Amino acid sequence: MYHSDHAKSREARAKVIEFTRGLGVHATAVELDDAFNLLEIAERMRADVRRERSAGATVRFNIAGGTRLMSSAALLACILEGIPATYVHDDTYEEIPLPLLRIAYGERLTPKQREVLGFLVKNRERSFTETALAKALGVHKATMNHHVRELGMRGAIERVRDPDDGRALLIRAAPGMELLLG
Amino acid sequence: MGTRALVATFGFDERRVLPALRLLAYDELVLLAGRDSVKAPGFERLRALEPGLRAVPVDPFDLRACLDAATATLRDLRRRGHPARVSVSGGTKILAAAALLAAFQEGAEAWYCDPEPVRLPVLHGVRIVDGLSDTARDVADFLRAPTTMDRLVARVAHCGFDGRATRAAVRELVGHGLAELGLDGGKPVVRPTRILTTYRKHFPRPGKA
């Protein structure tokens with residue numbers, strides 16, 4: 001159960017924990033440091049989902065509670081990890097399952113594409129031409145050109161003009177791709 | 001490049017939408033908005049800024065309706081050759097979640113601008129449904145009610161799938177929570193789950209969306 005540090009949110013947390021205790025169900029509350037940072041919240045939720053799954057738990061997420069931002073972050077975590085998500089309606093209490101597939105979204109890139117993107121994400125502060133990228137990852141220029149084109153078509157990378165060499169293009173990871181790779 | 005479209009979720013406060021309008025370039029603006037929202041002063045103020053904006057009225061508390069509307073809007077823009085971006089920082093939680101899900105379903109770039117722009121990790125043109133094999137999507141189309149495996153195999157056979165391929169597709173659907181396997185009178189029975197029944201149009205046969 002994720003909640004913000006707002007007094008009302010803490011009050012609601014206490015009620016939920018009391019309720020679940022009555023049911024004999026263990027509940028863990030996670031207070032989010034910054035309830036306005038979507039990517040950070042999604043990353044936190046995703047890490048928790050991964051940990052629970054690796055411990056053998058079956059995970060599904062009710063994304064209905066909290067702010068719009070928290071709800072969106074929870075949905076992101078579900079899509080990226082490929083876990084079932086449900087929206088329990090605030091007023092009707094209807095459980096609405098969402099049409100997600102149980103497949104991690106990042107796996108829609110090939111392992112090699114993920115490797116290239118991962119390298120660019122890890123080295124965000126540096127700029128690479130296609131040739132430099134090929135050299136850094138030890139692949140042929142033509143192979144790298146193929147990966148870069150594929151990643152470009154999917155909007156996973158951006159190509160910008162090199163300020164020092166008008167003919168050269170520098171490649172960098174598009175914003176938000178950290179979360180894709182996890 | 002063709003006309004660029006921005007699809008934004010909208011509630012009553014235009015200030016939730018303005019950052020996206022300032023930061024994301026567009027030629028065509030579509031607002032997914034509650035039916036009451038389009039009569040609100042905030043909407044009129046936006047229309048004064050963007051006279052060409054098009055509103056798609058939705059029930060912002062009905063997730064399925066919002067998802068259908070958002071998906072249909074994105075598919076329509078794609079059919080017309082207009083690459084669309086989605087901004088999900090306005091409107092109700094339900095509308096925002098539906099629009100975000102639609103963006104992932106349709107492979108449309110998505111942003112959360114409140115007020116800083118945050119790009120969400122959608123891959124262009126990569127749709128959630130593409131995670132299913134073509135055979136599984138064909139079999140899902142046939143799976144409208146509980147049916148024995150033998151009958152399902154026979155029905156799908158005229159599409160050119162043999163029994164082994166159909167059984168593999170059923171296992172795939174089960175793995176994704178779209179079908180369930182059971183026994184009825186000792187015979188294996190396949191049932192569509194609530195997700196498949198409710199969202200059938202979001203899992204179209206190959207080449208149908």
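Computation of the quantities below employed the complete heavy-atom set of this structure, encompassing side-chain atoms and omitting hydrogens, waters and symmetry-equivalent molecules. Each chain gets a letter, A, B and so on, in the order the sequences are listed, and its residues count up from 1. Model, not experiment: these values are computed from the prediction.
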Query raised in the report: Measuring heavy-atom distances to chain A, does B:Arg16 have an atom under 4.5 Å in its side chain, in its backbone, in both, or in neither?
Result: side chain
Query raised in the report: Are any of the side-chain nitrogens in B:Arg4 or B:Glu109 under 4.0 Å away from the carboxylate oxygens of its partner?
Result: no
Requested in this report: Determine, using ring centers only, whether B:Phe12 and B:Phe43 are less than 6.0 Å apart.
Outcome: no
**Report entry** Interchain contact, A:Asp91 with chain B, by part (heavy-atom threshold 4.5 Å)
**Finding:** neither
Requested in this report: Look at A:Ala174, A:Pro175, A:Pro99, A:Pro97 and state which one has the largest set of heavy-atom pairs under 4.5 Å with chain B.
Outcome: A:Pro99
Report task. Identify whether the distance between the nearest side-chain nitrogen and carboxylate oxygen of A:Lys141 and A:Glu130 falls below 4.0 Å. Result -> no
Query raised in the report: Got a second to check how far B:Phe61's CZ is from B:Lys93's NZ, nearest 0.5 Å?
Result: 10.5 Å
Query - Donor on one side chain, acceptor on other, B:Ser133 and B:Glu172, under 3.5 Å - result: yes
Query raised in the report: Taking 4.0 angstrom as the limit, do B:Arg137 and B:Asp141 come out as a salt bridge?
Result: no
Query raised in the report: Rounded to the nearest 0.5 Å, how far does CG of B:Leu196 lie from CZ of B:Phe203?
Result: 7.0 Å
Query raised in the report: Is any side-chain N of the basic residue among B:Arg164 and B:Asp162 closer than 4.0 Å to the acidic one's carboxylate O?
Result: no
Requested in this report: Anything under 30° is parallel, anything over 60° is perpendicular, the rest tilted; go ahead and classify A:Tyr105 against B:Phe104.
Outcome: perpendicular
Report task. Look at B:Pro117, B:Ser89, B:Gly131, B:Pro121 and state which one has the largest set of heavy-atom pairs under 4.5 Å with chain A. Result -> B:Pro121
**Report entry** Per-residue contacts, residues 7-42 of chain A versus chain B, heavy atoms under 4.5 Å
**Finding:** A:Leu38, A:Leu39
Query raised in the report: Considering only heavy atoms, which portion of A:Ile79 lies under 4.5 Å from any heavy atom of chain B: side chain, backbone, both, or neither?
Result: side chain
Query raised in the report: Roughly how far, to the nearest 0.5 Å, is the CZ atom of B:Phe142 from the CZ atom of B:Phe161?
Result: 8.5 Å
Report summary line: From the list B:Leu95, B:Val122, B:Thr92, the residue making the most non-hydrogen contacts under 4.5 Å with chain A is B:Val122
Report task. Side chain from CB out, backbone as N, CA, C, O: work out which of these in A:Ile96 comes under 4.5 Å of a heavy atom of chain B, or both, or neither. Result -> both
Query raised in the report: Which is it for A:Met144 and A:Leu137 under the side-chain contact (heavy atoms from CB on, under 4.5 Å) test, yes or no, and what are the steps along the way?
Result: CA-CA 9 Å; A:Met144 183 54 72; A:Leu137 288 169; 3.8 Å; yes
Report summary line: Honestly, the part of B:Gln105 sitting under 4.5 Å from a heavy atom of chain A is side chain
Report task. Would you name the heavy atoms of B:Pro192 and B:Pro146 that are closest together and state the gap between them? Result -> CD-N, 3.9 Å
Report task. Specify which of A:Pro84, A:Gly176, A:Gly155 makes the most heavy-atom pairs with chain B at under 4.5 Å. Result -> A:Gly155
Query raised in the report: Considering only heavy atoms, which portion of A:Ala64 lies under 4.5 Å from any heavy atom of chain B: side chain, backbone, both, or neither?
Result: backbone
**Report entry** Residue among A:Glu178, A:Met70, A:His89 with most heavy-atom pairs under 4.5 Å to chain B
**Finding:** A:His89
Query raised in the report: With chain A, which of B:Ile94, B:Leu178, B:Thr198 has the greatest number of heavy-atom pairs at distances under 4.5 Å?
Result: B:Ile94
Report task. In sequence, state the C-alpha distance, the side-chain angles, and the governing distance for A:Leu169 and A:Asp162, and then conclude on side-chain contact (heavy atoms from CB on, under 4.5 Å). Result -> CA-CA 5 Å; A:Leu169 286 173; A:Asp162 185 344; over 6 Å; no
Report task. Please determine, among B:Leu100, B:Val118, B:Val88, B:Val129, the option with the most heavy-atom pairs under 4.5 Å with chain A. Result -> B:Leu100
Report summary line: Under 4.5 Å to a heavy atom of chain B? For A:Leu98 that would be both
Query raised in the report: Taking atom types as modelled, is there a side-chain donor on B:Asp68 or B:His202 under 3.5 Å from an acceptor on the other?
Result: yes
Report summary line: Given A:Ile103, A:Thr92, A:Leu69, the one with more heavy-atom pairs under 4.5 angstrom with chain B than any other is A:Leu69
Query raised in the report: Contact part of A:Ser71 toward chain B, heavy-atom cut-off under 4.5 Å: side chain, backbone, both or neither?
Result: side chain
